[in-house]
Every structure is written in structure tokens, then in C-alpha cells.
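Below is one structure, written out as C-alpha cells; comments come after it.
These numbers come from the heavy atoms of this one structure, side chains and all, not from hydrogens, waters or symmetry mates.
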Number of protein chains: 2
Amino acid sequence: MSTLDSTLDLERFLPYRLNRVAAVLSEQLREVYGRKFGLTIPEWRVLATLAQLPRSTAREVGRHARLHKTKVSRAVQGLEERRWLSRAENPADRREEFLSLTPLGITTYRAIVPDMSAFEARLCAALGPDDTQAVRHALDRLEQVLGLDGTRPLDGSNGP
Amino acid sequence: MSTLDSTLDLERFLPYRLNRVAAVLSEQLREVYGRKFGLTIPEWRVLATLAQLPRSTAREVGRHARLHKTKVSRAVQGLEERRWLSRAENPADRREEFLSLTPLGITTYRAIVPDMSAFEARLCAALGPDDTQAVRHALDRLEQVLGLDGTRPLDGSNGP
DNA sequence: GCTTGTTAGTTACATTTTCAACTGTCATGG
DNA sequence: CCATGACAGTTGAAAATGTAACTAACAAGC
């Protein structure tokens with residue numbers, strides 16, 4: 001099949017395949033939280049992260065959600081404008097602020113979650129239980145190898 | 001661990017995990033073809049696709065590499081400016097052009113491929129043979145479920 | 001020939017993302 | 001105290017991307 005000995009077949013190249021699959025899923029998901037709730041991807045991630053880890057700082061949110069600090073900063077602004085998030089300066093270190101979802105933000109989040117869960121459930125149903133498990137295992141390993149499993153130093157970004 | 005019953009744990013959410021893994025790989029790869037050769041992601045994909053399928057049209061490249069036609073158009077412009085690619089109008093249908101890599105383009109491609117292959121080889125080595133196989137299987141299934149395995153109608157984009 | 005509809009590819013414009021420089025705060029060491 | 005350097009977060013300008021409208025070419029029916 002190769003025209004050249006040194007040809008790389010994109011269709012078999014793991015990073016490319018991963019990316020393509022992730023891009024399709026991302027796009028489909030954006031239908032849910034984007035079209036329906038007017039959220040950008042970083043905004044949704046910040047929302048979801050704060051629902052899970054209330055009173056995080058922007059830096060912590062970025063580290064957890066793997067968002068560059070500028071994305072976090074702008075997402076926080078957007079969420080704050082919509083009154084879905086509030087800030088509280090940390091008196092012990094006035095450089096940083098604790099971020100929390102407002103009741104309105106929590107309500108929005110709760111309205112989104114079932115859609116997201118349903119989306120994942122459909123995906124898993126299509127895969128079937130064995131292959132769902134296989135996908136999870138593959139991700140476990142990839143995360144370990146890439147140092148994404150939490151046991152890692154981490155530079156504070158996910159590609160800026 | 002959940003603060004709310006209706007909390008979605010991002011760390012366990014498949015689309016999010018896939019995305020994060022893909023983002024890290026992408027970022028690391030861009031070090032190779034980006035920093036070293038000044039290529040954008042679409043440019044690299046067009047280059048790789050044309051190395052594999054010479055004399056494709058822009059549309060064919062886009063379909064194969066899953067790039068929106070605007071990305072293909074701009075990538076082709078960029079590659080042409082660098083004299084890595086040339087166009088030849090199809091006389092049978094003057095709307096489309098056959099795209100080919102120039103000798104210079106092929107040289108560049110051949111200079112990149114070993115880096116890419118080495119990158120993948122390192123990844124697979126870190127995973128070990130069994131888990132590499134597991135990752136490939138997981139991707140096979142995901143591609144099937146998402147209709148990315150070539151057996152699909154396809155709308156000509158990968159998210160524009 | 002002359003519609004009408006479709007397709008390949010480009011371009012214009014708005015939104016997003018990136019990158020670097022910046023502000024204000026903390027920590028350390030003189 | 002007051003450097004010096006590090007760090008949290010913000011901002012502006014440049015680059016990339018997404019969307020839609022556009023041009024030019026084909027194709028089918030009249």
C-alpha cells in the first residue's frame with residue numbers, strides 16, 4: 001500500500017486516530033451544552049470542574065480540567081457575567097480567588113448533566129459492555145503513560 | 001466522591017478522557033512537525049495525505065484527512081507558497097485541481113516521517129505490546145461506532 | 001440554447017485560541 | 001525595609017478556526 005518505504009499511514013497512526021475520535025465526540029457533545037445552553041468548551045469544563053471541586057482557584061481549575069490559564073480566565077469571566085459563578089478573594093493570598101458556582105450556576109449544571117450522561121450511556125451501549133471496558137482500560141493505560149493519571153508534576157496547561 | 005447525586009465525574013467521563021489524551025498527544029506531536037518544520041496541523045495532514053494518495057483533489061484530501069474544505073484550502077495555499085505542493089487543473093472538470101507534492105515537499109515529508117514514527121514507537125513501547133493492541137482494538141470499535149471506519153456516508157468534514 | 005440545482009473551492013467576517021507582555025501579590029535574602 | 005524573583009491572573013494583538021456567503025463550473029431538464 002505504501003507509495004514510499006518511509007510513508008506513514010495516517011489511518012493507522014495512533015495519535016491521529018485518537019484525535020479524530022476525540023474530535024467527533026467533542027463536536028457531538030458541543031451540540032448538547034453549546035446549542036442548548038450557550039456554553040463554550042472551556043466554560044463547560046470550568047463549570048463541571050467547579051461543580052466537582054467547589055471553591056477551587058483558577059489555577060486549580062486549569063490544572064484539573066487541563067485548560068490554559070488564559071482560557072480559564074476568559075471562561076470565568078463569561079460564567080461570572082451570566083451569574084453562574086462568583087469569586088471570593090483568598091485573604092491568605094490575595095493573588096488568587098476562590099471560585100464557586102452560584103445557585104443559578106448549579107441549576108444550569110444540573111440541567112446539563114443528564115444530557116451528558118445520556119450521551120455517554122448511548123456511546124457505551126453502542127460499544128457493548130466488553131468493549132466499553134476495553135476502551136476504559138485503554139484510556140487508563142494511555143493516561144498512565146502520558147502522565148495524566150494525577151501522579152504527575154504537570155505544567156499547568158493542556159496546550160495553552 | 002460526588003458532591004451531588006447528579007454530578008458528572010469528569011475524570012471518568014469517556015469523551016473528556018479521550019479528549020484529554022488526544023490533546024496531550026497532539027501537543028507533543030506538534031513539537032515535531034510544528035516547531036521543527038513550521039507546519040500547522042492541517043498543513044501536516046494535507047502533506048501526509050498527499051504523500052499517501054498523490055494527485056488527490058482538495059475534496060479527496062479533506063475527506064481522507066477529515067478536514068473541512070476551508071482548512072484544506074488554506075493549508076494548500078500555505079504549502080504552495082512554500083513550494084511543497086503544486087496544483088494541476090483537471091481538464092475533465094475545471095472546478096477541481098489535482099494536488100501533488102513537489103520534490104521539495106516530498107523531501108520535507110520524508111524528513112518528518114521518521115520523527116513521527118519514532119514518536120508512535122515510543123508510545124507503543126511505553127504501553128507494551130498487549131496494551132498497544134488493546135488501544136488499537138478500542139480505537140477500532142470507537143471508529144465503528146462513530147462511523148469513522150470508512151463504511152460511512154460522511155459529510156466531508158471533521159468539524160469544519 | 002437557457003433555466004435550476006449541485007458541487008469544488010475561495011473568501012470575508014466573526015469568534016476563538018495562542019502568545020507575550022503586563023499587573024499586582026507573595027516570598028526570600030540581604 | 002527594599003531588592004529580586006516567582007507566581008496568579010489579566011489583557012492586547014496576532015494567528016487560527018468556524019460560518020456563511022460567494023464564484024465558477026458542471027449537469028439535467030426543458
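Regarding A:Lys69, its NZ atom lies at a distance of 13 Å from the C1' atom of C:dG24, rounded to whole Å. In this structure, A:Asn90 places its CG atom 14 Å from C1' of D:dC7, rounding to the nearest Å. Here D:dG18 presents its C1' atom at 18 Å from CZ of B:Arg66, a figure rounded to the nearest Å. Taking atom CG on B:Leu39 and atom P on D:dA15, their separation rounds to 17 Å, with Å as the unit. In this structure, the CG atom of A:Leu67 is 14 Å from the P atom of D:dT10, given to the nearest Å. Going from atom CZ of A:Arg95 over to atom C1' of C:dC22 covers 16 Å, rounded to whole Å. Between the NE2 atom of B:His68 and the P atom of D:dA20 there is a distance of 10 Å, given to the nearest Å. Atom CD of A:Glu97 and atom P of C:dT23 are 18 Å apart (whole Å).
The A:Asp93 side chain lies nearest to C:dC26 when the options are D:dA8, C:dG9, C:dC26. Relative to the side chain of A:Thr70, the nucleotides D:dG9, C:dC26, C:dA20 differ in distance, and C:dA20 lies closest. The listed nucleotides are C:dT10, C:dG24, C:dT17; the one nearest the side chain of A:Lys71 is C:dT17. Nearest nucleotide to the B:Thr40 side chain, out of C:dA8, C:dT25, D:dA16: D:dA16. Here the side chain of A:Glu96 is nearest to one of D:dG9, C:dC26, C:dA8, namely D:dG9. The side chain of B:Arg94 sits closest to D:dA25 out of C:dT25, D:dA25, C:dG9.
Atom CZ of B:Arg83 is surrounded by 12 or fewer heavy atoms from other residues, nucleotides or ligands within 6.0 Å.
Sorted by residue number, the members of residues 73-82 of chain A with any non-hydrogen atom under 4.0 Å from DNA chain D read A:Ser73, A:Arg74, A:Gln77.
Distance alone, capped at 3.5 Å, places no donor-acceptor pair between the A:Tyr16 side chain and the A:Asp9 backbone.
Residues B:Arg141 and B:Gln144 have side chains that bring a donor and an acceptor to within less than 3.5 angstrom of each other. Judged by distance alone, the side chains of A:His64 and A:Gln52 never bring a donor and an acceptor atom under 3.5 Å apart. Between A:Gln133 and A:Arg136, the side chains place no donor N or O within less than 3.5 Å of an acceptor N or O (distance only, hydrogens not considered).
A side-chain contact (heavy atoms from CB on, under 4.5 Å) with A:Thr49 holds for exactly one of A:Leu53, A:Val46, A:Leu47; it is A:Leu53.
Between C:dA8 and B:Arg59, a contact under 4.0 Å exists linking OP1 or OP2 to a side-chain N or O. Put simply, A:Arg87 has a side-chain N or O that comes within less than 4.0 Å of OP1 or OP2 on D:dT10.
For B:Arg82, the side chain to side chain donor-acceptor pair (under 3.5 Å) partners are B:Glu43, not counting sequence neighbours.
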